[in-house]
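No hydrogens, no waters, no symmetry mates; every other heavy atom, side chains included, goes into these values. All values derive from a computational prediction rather than experimental measurement. By convention here, the first residue in the shown sequence is residue 1.
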Amino acid sequence: MAFTDSGSSCIIVPTFYYNLLMAELEKHTLSGLYTDPDDSSESPGYMLSDCFNARDALKSIYFRFGGYWLEAYPYDFVDGNCRICIREN
């Protein structure tokens, strides 16, 4: 299984890991996550309820590729409109 899609601006995560990852992210937000009302795709993304404070409270996500750990900072996966740019594959 792969965690990336080089043609996407978001982090693409296999379904098996997606719900676990989102639940873990939600634990670190101040006021939770909610479904993005402007997202009409088949699997809508999530947004932070209290964006700027919550984004600062989030932790980095680490991915392992061939023995190397890569770090994605909250500013890498939360855009300026408070959308979490992590999608289910």
task = Decide side-chain contact (heavy atoms from CB on, under 4.5 Å) for Ile61 and Asp76; before the verdict, give the C-alpha distance in whole Å, the side-chain angles of both, and the deciding distance to 0.1 Å.
result = CA-CA 10 Å; Ile61 300 172; Asp76 294 328; over 6 Å; no
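- Within the 4.5 Å cutoff, side-chain heavy atoms of Ile86 are placed close to those of Tyr18.
- Checked against side chain to side chain contact (heavy atoms under 4.5 Å, CB included), Tyr68 has no partners two or more places apart in sequence or in another chain.
- Atom-to-atom distance recorded for Cys10:SG and Arg87:CZ is 5.5 Å, nearest 0.5 angstrom.
- Residues Ile12 and Leu20 fall into different hydrophobic clusters, defined by Ile, Leu, Val, Met, Phe, Trp and Tyr side chains chained together at heavy-atom separations under 4.5 Å.
- The hydrophobic cluster around Tyr62 extends to Trp69, counting ILVMFWY residues whose side-chain heavy atoms fall within less than 4.5 Å of a member.
- Atom OG of residue Ser60 and atom CZ of residue Phe77 lie 7.0 Å apart, to the nearest 0.5 angstrom.
- Interatomic distance, Glu88 CD to Tyr17 OH, rounded to the nearest 0.5 Å: 14.0 Å.
- Atom-to-atom distance recorded for Leu58:CG and Glu26:CD is 10.5 Å, nearest 0.5 angstrom.
- Taking Ile, Leu, Val, Met, Phe, Trp and Tyr as members and joining any whose side-chain heavy atoms lie under 4.5 Å apart, directly or through other members, Tyr73 forms no hydrophobic cluster with any other residue.
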